[in-house]
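What follows is a set of notes on a single structure, which appears directly below.
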Amino acid sequence: MPVWKTFSHNGIAFPDPYVPKGLSIRFQGQEVKLSPLAEEMAYQFAKKKDTPYVQDPVFRSNFMKYFTKQLPPPANKAKFEDVDFAQFYRFVDKERADKESMTKEEKKSLAATRKEAREKLKAKFGKAILDGKEIDLANYLAEPPGLFMGRGAHPLRGSWKPRITPQDVTLNIDESVEELTTEFGKFGEIVHDHESIWVARWIDKLTGKEKYVWPHESSDIQQSRNREKYDKAKKIGENLSDLQKEIRSKLSSRDRKEREVASVCYLIDEVGMRVGDEKDEDEADTVGATTLRVEHIKRLDNQAIDFDFLGKDSVKWVKTLPNPDPILVRNIGDFMKNKKPGDQIFENIGSAQVNAFLSEIIDGISAKVFRTYHATRTVQEYLGSKNMKKASDLEKLYFAKYANLEAAIYCNHKRTIPKTWEESLKKKEQKLEDYKAKGKEQMVAKMQKEIDLTKKTKEYNLNTSMKNYIDPRIYKQWCDEVGLDWNKLYTKSLQRKFSWVAPRPPDGEEEDEAPAPAKPRA
DNA sequence: TTCGTGACTTAGAAAGCCGGAC
DNA sequence: GTCCGGCTTTCTAAGTCACGAA
């Protein structure tokens, strides 16, 4: 089904070419002159010198594999330990120091220059006209070359991701354009795919994966898809008992495959697992429900099932399913029988089988919709658990954040704990004491709340659930009920993304509407 | 029925900006 | 007015899922 009639834009922009700085490395006591590409690689590596990444032997050796290919003999046989990058390290240190030592005026003018350049680029490449209406594009700049920053134990981490050129890029645009050349060059291919909304596409030269440029999430087309997603999740809620009845009944199917599918659905519904499709050898070893291995089940009995594995983004996934259905326990026990720790529990099933089963029960439902549904429901139940009408704005805000946290916990949205976490907590506690001593009651109350939230969100990140999982209509309705400005919960860009829920005035018009200035978010 | 591919959504880390506390 | 930490935005990796071909 076509989704657009006319679609025009100027293609995408490309990052500046690398400007060689005349730096060199030393190998076996000798200075080695570098080609521009070799220098660019070493420079990118040096920029990471103070991060944990460069301590990782795999990251280093992958980097060296690509770097040494650009070096003349005998340096092309160099090991990481044999190469002296001191000149590069000094260079990036100096760059940082220079940046820091700039006066305020210099910093300001630099920021202004950069902003101007960015806006100029955005004016030409950051927009498209879709069916006569101007929309923003999301990522209109091609990805720059650099070191591949795969998560977890990705086998390619540290490898060189090559530069892409306009020749490598395919544009999706309407028939009024047959070829396109910009200041960056001529685009490799033009297609007119009326059924797709991508703007540009290329193949990542390192990983072989497709990369896309999309309409911004504030565009009508993205917003309507977003709304459909949440409507679909609602459908799960309306039919949950049917779904669960069907899943439970198929747990004891005579057909093994059907029992596997039902067991996986049970896990997806009850503990919020992802479906977990098969991955390639050259990717990080992470799993979801269908790819769970024997070694990932730490306990299995009628009281509990304990899980411990690495999920998407190599995030540790440790949860307990209390009081599981005994038939599920029996199934999983059966599936694990006579298997080694590294063997998969479920055989020959993946998202295709799971989704075929689910969409048979309710049209259009797939595995991932359960996470949307449960995250949203979690927030809704939390918000409904207490009457906040008489509370202060501050209390309402924190209450809303705790609801958000419940969803993040459900979805297992973890973060690495910031290095400065302990330190910053101490500072807050100190501040609290100061406020107490000075008798600043309001500030005491505020700081107490801040400290409590800091502790509870130590290892969780709330943004992902806010952006992708919680139906914004739930928060909107609650805000209206308790009398809280919805804008205090959502950032400016989320307000734009969710303007289908609460329309906001076009940019630039807000300030003109006197008398009260728009209140900033807390 | 399986498999590969292409389109689209979800994800945490890093960069960058901005507003509150002094 | 300044400074710094935290919050927001950007970036791009890593998932899901439908579809068409074999």
Side-chain angles (χ1 to χ4, degrees), chain A residues 3 47-48 51-53 104 107-108 111 114-115 118 138-144 146 148-152 154 156-157 161 170 172 193 195-198 201 203-204 206-215 217 221-222 225-226 229 257 274-280 283-284 286-288 290-291 311-315 348-356 358-359 364-369 371-372 375 408 411-416 418 420-421 423-424 427-428 431 434-435 440 443 446-447 450 454 460-469 490-497 520-522:
Chain A
V3 288
K47 286 219 278 189
K48 298 252 173 331
T51 71
Y53 298 107
K104 257 185 278 74
K107 278 184 187 165
K108 227 176 186 173
R114 270 207 311 245
K115 190 173 178 189
R118 209 172 45 233
N139 51 328
Y140 53 87
L141 186 65
E143 290 175 14
F148 178 72
M149 303 303 289
R151 310 259 166 91
H154 197 297
L156 296 180
R157 60 199 190 274
K161 183 174 77 166
T170 302
N172 189 23
D193 181 357
E195 305 201 346
S196 297
I197 61 172
W198 56 269
R201 179 182 69 185
I203 304 283
D204 185 298
L206 174 68
T207 61
K209 303 239 182 277
E210 318 236 356
K211 297 290 180 79
Y212 290 87
V213 173
W214 301 103
E217 55 197 16
I221 181 75
Q222 295 285 41
R225 289 182 180 195
N226 189 242
K229 175 182 85 179
K257 210 166 180 173
R274 299 185 182 86
V275 65
D277 267 318
E278 212 60 60
K279 298 184 72 177
D280 285 344
E283 295 175 304
T286 64
V287 303
T290 61
T291 43
K312 179 175 178 179
D313 292 303
S314 298
V315 171
N348 306 316
I349 65 160
S351 64
Q353 287 71 27
V354 171
N355 291 338
L358 290 173
S359 59
I365 296 302
S366 62
K368 79 184 184 78
V369 186
R371 282 168 60 83
T372 313
C411 292
N412 200 48
H413 289 148
K414 300 234 175 136
R415 61 163 180 175
T416 45
T420 55
W421 192 86
E423 192 189 328
S424 100
K427 276 186 192 165
K428 283 174 188 166
K431 261 188 180 172
D434 293 350
Y435 288 140
K440 295 187 175 177
M443 294 309 278
K446 190 175 177 192
M447 196 48 72
E450 196 178 320
T454 300
Y460 288 99
N461 115 53
L462 305 191
N463 304 324
T464 305
S465 49
M466 204 59 169
K467 182 174 182 188
N468 299 300
Y469 283 99
Y490 288 88
T491 64
K492 205 168 166 187
S493 55
L494 284 185
Q495 289 168 32
R496 281 184 78 201
K497 170 174 177 139
R521 290 168 26 78

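Note: hydrogens, waters and symmetry copies are ignored here, and every other heavy atom, side chains too, is used. Every chain is numbered from 1 and lettered A, B, ... according to where its sequence line falls, protein lines coming before strand lines. Note that the structure is predicted; figures quoted are calculated from it, not measured.
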Donor on one side chain, acceptor on other, A:Thr286 and A:Lys312, under 3.5 Å
no

Hey, which of these two, A:Gln353 or A:Lys368, hits DNA chain B nearer its 5' end, going by closest nucleotide?
A:Gln353

So A:Ile197, base contact, sugar-phosphate only, or nothing? Heavy-atom distance under 4.0 Å.
sugar-phosphate

Which comes earlier along DNA chain C counting from the 5' end, the contact point of A:Glu283 or that of A:Ala356, where each point is its nearest nucleotide?
A:Glu283

Should A:Lys229 be listed as having a side-chain N or O under 4.0 Å from OP1 or OP2 of B:dT10?
yes

Answer with base, sugar-phosphate or nothing: what part of the nucleic acid does A:Ser424 contact at a heavy-atom distance below 4.0 Å?
sugar-phosphate

Just checking A:Met443: base, sugar-phosphate only, or nothing, at a heavy-atom cut-off of under 4.0 Å?
sugar-phosphate

Would you classify A:Ala352 as touching base, sugar-phosphate or nothing, given that sugar-phosphate means primed atoms plus P, OP1 and OP2, and contacts are heavy atoms under 4.0 Å?
nothing

Looking only at side-chain N and O atoms, does A:Arg371 offer a donor or acceptor that is under 3.5 Å from a partner on A:Tyr469?
yes

Considering only side-chain heavy atoms of A:Asn139, which listed nucleotide, C:dA14, C:dT12, B:dA21, is closest?
C:dT12

Side chain A:Thr420, main chain A:Glu423, donor-acceptor under 3.5 Å:
no

What integer distance in Å separates A:Glu278:CD from B:dG4:C1'?
14 Å

Can you tell me which nucleotide in B:dC8, C:dA14, C:dT16 comes closest to the side chain of A:Trp198?
B:dC8

Can you find a side chain N or O atom of A:Lys209 that sits less than 4.0 Å from OP1 or OP2 on C:dG15?
no

Testing B:dG6, B:dA7, B:dA13 for proximity to the side chain of A:Glu210, the answer is B:dG6

Counting only side-chain nitrogens and oxygens, does A:Lys427 get under 4.0 Å of the OP1 or OP2 atom of C:dG5?
yes

Considering non-hydrogen atoms only, spot the tightest contact between A:Pro144 and A:Lys161 and give its length.
O-CE, 3.7 Å

Please name the pair of heavy atoms, one in A:Ile365 and one in A:Val369, separated by the smallest distance, quoted to 0.1 Å.
CD1-CG1, 4.3 Å

Touch class at under 4.0 angstrom, heavy-atom based, for A:Asn355 against every strand present
sugar-phosphate

Under 4.0 Å between a side-chain N or O of A:Tyr469 and OP1 or OP2 of B:dT9?
no

For A:Thr420, answer base if it contacts any base atom (sugar-phosphate contacts may also be present), sugar-phosphate if it contacts only those atoms, and nothing otherwise; contact means non-hydrogen atoms under 4.0 Å.
nothing

The answer to which of A:Val3 and A:Asn348 contacts DNA chain B further toward the 5' end, by nearest nucleotide, is A:Asn348

Counting only side-chain N and O atoms of A:Lys492, is one of them less than 4.0 Å from OP1 or OP2 of C:dT10?
no

So what does A:Phe148 touch, heavy atoms closer than 4.0 Å: a base, only the sugar-phosphate, or nothing?
sugar-phosphate

With a 3.5 Å cut-off and just heavy-atom distances, do the side chain of A:Arg274 and the base of C:dG15 make a donor-acceptor pair?
no

Side-chain contact check for A:Trp214: nearest option of B:dT9, C:dT16, B:dA11 is B:dT9

Describe the nucleic acid contact of A:Gly288 in one word from base, sugar-phosphate, nothing, applying a heavy-atom distance below 4.0 Å.
nothing

Is the phosphate of C:dA14, meaning OP1 or OP2, less than 4.0 Å from a side-chain N or O of A:His154?
yes

At 4.0 Å (heavy atoms only), tell me whether A:Pro144 reaches a base, stays on the sugar-phosphate, or touches nothing.
sugar-phosphate

What nucleotide, of C:dA14, B:dG12, B:dT1, holds the atom closest to the side chain of A:Lys257?
B:dT1

Pick the closest DNA chain C nucleotide for A:Ala142 and for A:Leu494 by heavy atoms, then say which residue is nearer the 5' end.
A:Leu494

If the cut-off is 4.0 Å, is A:Ser366 near the phosphate of C:dC17, judged by side-chain N/O to OP1 or OP2?
yes

So, is A:Thr416 near the phosphate of B:dA13, with a side-chain N or O under 4.0 Å from OP1 or OP2?
yes

Looking at C:dT12, C:dG6, B:dA13, which one has an atom nearest to any side-chain atom of A:Lys161?
C:dT12

Phosphate OP1/OP2 of B:dA14: any A:Tyr53 side-chain N/O under 4.0 Å
yes

Just checking A:Arg157: base, sugar-phosphate only, or nothing, at a heavy-atom cut-off of under 4.0 Å?
nothing

Short side-chain N/O contact from A:Thr491 to OP1 or OP2 of C:dT9, under 4.0 Å
yes

Between A:Asn172 and A:Asp193 (side chain of the first, backbone of the second, donor and acceptor by atom type, cut-off under 3.5 Å), is there such a pair?
yes

Are the charged groups of A:Arg496 and A:Glu217 less than 4.0 angstrom apart, N to O?
no

When you check the phosphate oxygens OP1 and OP2 of B:dG6, does a side-chain N or O of A:Arg201 lie under 4.0 Å from one of them?
no

Among B:dT10, C:dG6, C:dG15, find the nucleotide with the atom closest to the side chain of A:Thr372.
B:dT10

Could you give the NZ-to-P distance, from A:Lys47 to B:dA15, as a whole number of Å?
8 Å

B:dA11 OP1/OP2 closer than 4.0 Å to side-chain N/O of A:Arg371
yes

May I ask you to evaluate whether A:Arg225 reaches the phosphate of B:dC8, defined as a side-chain N or O under 4.0 Å from OP1 or OP2?
yes

Which is true for A:Lys428 with a 4.0 Å heavy-atom rule: it touches a base, it touches only sugar-phosphate, or it touches nothing?
sugar-phosphate

Regarding A:Lys312, tell me which of base, sugar-phosphate or nothing describes its non-hydrogen contacts under 4.0 Å with the strands shown.
base

Heavy atoms under 4.0 Å, any strand shown: does A:Tyr435 hit a base, just sugar-phosphate, or nothing?
sugar-phosphate

Describe the nucleic acid contact of A:Gln222 in one word from base, sugar-phosphate, nothing, applying a heavy-atom distance below 4.0 Å.
sugar-phosphate

Please check if the side chain of A:Asp280 supplies one atom and the backbone of A:Glu283 the other of a donor-acceptor pair under 3.5 Å.
no

Between A:Tyr212 and C:dA13, is there a side-chain N or O to OP1/OP2 distance below 4.0 Å?
no

Side chains of A:Thr372 and A:Lys229: any donor to acceptor distance under 3.5 Å?
no

